[in-house]
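A, B, ... follow the sequence lines: proteins, then strands. Residue 1 opens every chain. Atoms considered below: every heavy atom in the structure, side chains included; atoms not considered: hydrogens, waters and symmetry mates.
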Amino acid sequence: MKKRPVYPFVAIVGQEKMKLALILNVINPTLSGVLIRGEKGTAKSTAVRALADILPAIEVVQDCPFQLYPGEELEVCRGCPQVECSRRMLNHEPVPTVTRGIRVVELPVGATEDRVVGTMDLEHALKKGEKQIEPGLLAAAHRGILYVDEVNLLDDHVVDVLLDSAAMGVNTIEREGVSFSHPARFTLVGTMNPEEGELRPQLLDRFGLCVHIEGITDPQSRVAIMERRLAYDENPEAFCGQWEEASQQLVAQIEAARRLYPQVSIDQPLLYEIASYCLDVGVDGHRGDIIILKAAKTLAAFAGRSQVTKDDIDTAAELALPHRVRRQPLQDIVVDVRGRRQQVQGTA
Amino acid sequence: MFRHVYPFAAIVGQEKLKLALLLNAVNPACGGVLLRGEKGTAKSTTVRALAALLPEIEVMEGCPYTCDPERPEDFCLDCKENVRRRVRRPIRVVTLPLNATEDRVSGGIDFAAAVKTGRRVFQPGLLAQAHRGILYVDEVNLLDDHIVDIILDAAASGWNLVEREGISFGHPSQFILVGTMNPEEGELRPQLLDRFGLCVEVRAETDLAQRLLLMQRREEFDADPASFLDRWQAENAKIAQQLAGARRLLPDIGFPEHLRTLVSEICTEHHVAGHRADLIMEQAARALAALQKHREVTVEHIREVAWLALVHRQREAAPPPPPPPPPEPDHQHPEPPESQTEPEQDQAPPPEMPPPPETPPGQEEIGPPEEEQQPEAEPPPRPEDQHQQTLEQIFAIGETFKVRKFTSPRDRLRRRGSGRRSRTRIAQKQGRYIKSTTVVRDGDLALDATLRAAAPHQQRRQGGNGLAVVLKPEDLREKIREKRIGNFLVFLVDASGSMGARGRMAASKGAIMSLLLDAYQKRDRIAMVSFRKQEAVVNLPPTSSIEVAAQLLREMPVGGRTPLAGGLAKSYELIRNYLLRDPTGRPMVILITDGKANVALGDQKPVPEALAMAGRLAQDERVRYIVVDTESQGLVHFGLARELAQAMAADYFQIEDLKADTLVNIAKENLS
């Protein structure tokens, strides 16, 4: 059976903020992910799955369970079940590689901890008397996107593990007689419906950006959504074909932005603007500042500019701060960051 | 090990944090550091950066226990038997991941070796690796209790003793314990808190220029880590040198006798428990003197380190007093005639004035201050008002406090879940391994038990594949594990008019809020049912969103009559549905009421009906009931809630008893 093509990213109607946040993360993986908060049926999952189409390609060692590129982190190879490949890597011999798109790895809500972090291959241990690692989802997600649908429903233990790896970029397995680490640098993309329970602040903070989305209320757009969805359901291939050009354009724009990013510069006064923005609205820690800076630069690169503007910062702050604004325990998340700032400035 | 580590010298601000880490690196006798603070304040970054600065130590080549060549008496077996070369390597920072299992922390049986060679070989764990190094635990407050105990034990004795899975073994394990935590996620047990020599409260920089610098550096680092490191190489090396120098200097640092008096004075002044603070302060001061190349500790040194050793140990002189101050002076004022009528209550209509003796301080603590905010709190209890049913009020949430522990009893059922309330056997590969079973369900193999089961048959079985031990499916044993998980809590709130009397609702709301905060930290699921006027309503269906519950609580109005039986019935309905979905669940119902039922479901009188219903509810043993009595305990009180609690076989508390830190509770917990 031929694989059904996914709904194209560019064909998603509206939800510009969400799309922007996702694109920014594709351009700059150090933005450390997006949290998409919103009601059901607002194209959250569709958008994330569609991402796969617009992701750039990377070079990976063939069949590598840890998604390494040649020469990366050789320590991992010592414990790798791929005997032949490890030998070559360790001897610095050339290994076959493939170029493939960045992967979107989905973490199901019911995933158990050992499937996420990896575990010992018991069968092998019993038959051969050797310990062997069975890599988990975090290994598969290295250099890619880890997508957690309904991240707020995830088992607490798994959340802690995710936090750990997301923060360090390394997944460490210390259980059942196995001691092993491998790199796990991934962009964490989560969706959640806040009605089902809030995420812990600690995990919230690990998501670089946060967008709040709602159903579209404009009738015209709603019609467009229905029409497109229908067209896609009837004939996915033809529908995707229609959007092929737009997709390619976006991919080209993303690639250009990736190249431009290192050259983007920012003026001193604008840096002050970022810092005072964070101080005004009251943000815990410094991650907010850093993320705004990165997001603003990425925005500039995406727009083809090599200079950050004030607007970039405002947009970036709206993406980077909602979930970081300091609040009392058990208080709701601030959605309107700009309004909050004006309010604070007004009272000051 | 992976990736470039952000250089220590390039960290902006956070001087206290850096100082505490450096002091420990100079003098391990400082006893470790706990970094408490908000998210995103370079806690983890700094710890990892420190690793790059640490000096080298001498070890025996290939020794997994990091034996000290200078101390042959402590050598591990291997080092005793084999002659090994001495080599130098940097001090290690060993990270303890949150999901580490017990056997990897303290070490356990080496399965591969057992199967291959048939010998029982001990496989050293993280505590062995961390010997003479740093053991780093991120989010230490989220660690499982039994792992915490192991670490505590080793940290205290400097020796890791393993008695499990048929192994009896010990090895030295002296490490500097570095932990980070975010207090929002729950506090550490005081026991563990005290083990950390120093503690730093980490806060974000508020200075604009500093924040700016920080952003720029981070961005530079992310853009090109290698060249960033190069640029900071010199600075970093300088600190490393200073560190190495200080370590050499340390043994010769003198500590003048008169300063000891100063140290102990500082400690007494801050009501510090135990003597660890004194010792730590002295060691830290010596380390600081060494860092600054002084020969002798001075007062300045002590000043600088004192707070690091005190911050987590000082006891607030007396926790209970803070709330009373406003009412208490009123009481003790030398004006007896007026002391019964407190100023705030002057506006209140006189008929409800409590009889004079009805002023046990416990009740008054909560009462009066709330009334200050809610002068209208008085009217509702009037009988006339209750009949009118028109008066609805929303009370503010009163004082919150730390809630005492309550859990479900243990049983033999296996459950899934997470959280930190009640112990249970668990159907996940988590938690503490308590024993093994022959029932093989989910591949969580108990290696030791499996090997033991296979051992008697080994002579008959001939290993074809060169293994010393041949395993058959019938040998397999699985682990039975135990850990804490959250419960399902139903808050059954009496929102009738009688609850509004004399600010009791504010106090009750405070108590509920405290329970909710506790539920958040224990990761419980919750639901909320309230009853007033004629009926009970499910305000919040089962959810883990404590936020929504808190919001509801804030807005919950009070007024009307008390359909207690209806409330009980409603909560039972909710629980029945919950138990259908999750038959192994252990719900708890927390009933907050004064017990004064006055609306019946059927034809009976309200109070007997409620009591009868309570008796029937008690028969379902899966549900645990807790009654929080909100009636003020004066001369005239009905004690209906207590009766209800007895009928329901529930635990009975007054709001005061819920507090974790009252003396009575501490005594009770110790007795039971």
Side-chain angles (χ1 to χ4, degrees), chain A residues 30 73 75 112-114 117 119 122 125-131 155-157 160-161 163-164 167-170 172-179 181 183 194-198 200-202 205 262 268 271-272 274-276 278-279 283-290 293-294 297 329-332, chain B residues 1-3 38-42 44 95-101 103-105 108-112 115-116 123 126 138-139 142 182 184-185 204-206 208 211-212 214-216 218-219 222-223 418-419 428-430 443 445 447 465 467 471 516-517 520 523 543-548 550-551:
Chain A
T30 60
E73 317 293 2
E75 273 138 278
T112 55
E113 193 185 331
D114 50 333
V117 297
T119 179
L122 266 181
L126 287 182
K127 282 197 188 129
K128 299 269 173 65
E130 282 167 6
K131 271 181 279 190
D155 195 45
D156 234 48
H157 250 280
D160 291 340
V161 173
L163 266 176
D164 241 23
M168 292 198 254
V170 177
T172 309
I173 308 170
E174 291 287 355
R175 52 180 307 139
E176 314 303 321
V178 181
S179 173
S181 328
E195 288 164 21
E196 301 273 328
E198 202 46 77
R200 282 156 44 205
Q202 197 78 356
D205 194 47
Q268 194 81 0
L271 282 176
Y272 273 107
I274 296 178
S276 56
C278 288
L279 284 176
V283 175
D284 275 345
H286 295 278
R287 214 171 262 126
D289 305 40
I290 294 168
L293 172 61
K294 284 177 193 288
K297 284 175 73 177
L330 309 190
Q331 232 177 20
D332 273 339
Chain B
M1 80 199 263
F2 301 107
R3 202 177 197 179
E38 23 181 272
K39 316 158 279 277
T41 40
S44 313
T95 308
L96 181 93
L98 281 179
N99 62 336
T101 52
D103 61 317
R104 278 306 303 146
V105 175
I109 190 166
D110 186 338
F111 183 67
V115 175
K116 266 205 168 143
Q123 187 186 26
L126 291 172
D138 214 355
E139 313 277 352
L142 299 184
N182 184 346
E184 284 170 34
E185 301 284 306
E205 291 289 334
T206 46
L208 267 184
R211 286 187 90 112
L212 213 78
L214 193 146
M215 273 188 280
Q216 279 169 322
R218 184 76 219 184
E219 187 58 16
D222 280 343
S418 56
Q428 284 153 275
K429 286 191 188 175
Q430 288 162 2
L445 221 56
L447 301 176
N465 46 4
L467 299 180
L471 294 177
L516 281 176
L517 286 167
Y520 169 75
R523 313 273 186 263
T543 172
S544 24
S545 175
I546 310 280
E547 285 82 357
V548 180
Q551 191 57 38

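- Of the listed residues (B/L96, B/L214, B/T41, B/T95), the one with the most heavy-atom contacts under 4.5 Å to chain A is B/L214.
- Heavy-atom minimum distance, B/L208 versus A/A275: CD2-CB, 3.2 Å.
- Legend: residues meeting salt bridge (charged side-chain N to carboxylate O under 4.0 Å, His left out) with B/E219, ordered by chain and number and at least two apart, are A/K294, A/K297.
- Inter-residue side-chain proximity for B/R218 and A/R287 is flagged as unmet; no heavy-atom pair is nearer than 4.5 Å.
- No side-chain heavy atom of A/D289 sits less than 4.5 Å from a side-chain heavy atom of B/L212.
- Side-chain atoms of A/H286 do not come within 3.5 Å of backbone N or O of B/A42 as any donor-acceptor pair.
- Across every non-hydrogen atom of B/M215 and A/I290, the tightest pair is CG-N, 4.1 Å.
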Verdict with reasoning, B/R211 to A/I274, per side-chain contact (heavy atoms from CB on, under 4.5 Å): CA-CA 9 Å; B/R211 286 187 90 112; A/I274 296 178; over 6 Å; no
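- Evaluation of the side chain to side chain contact (heavy atoms under 4.5 Å, CB included) rule for B/D138 yields A/D164, B/S44, B/R48, B/Y136, B/T180 as partners, not counting sequence neighbours.
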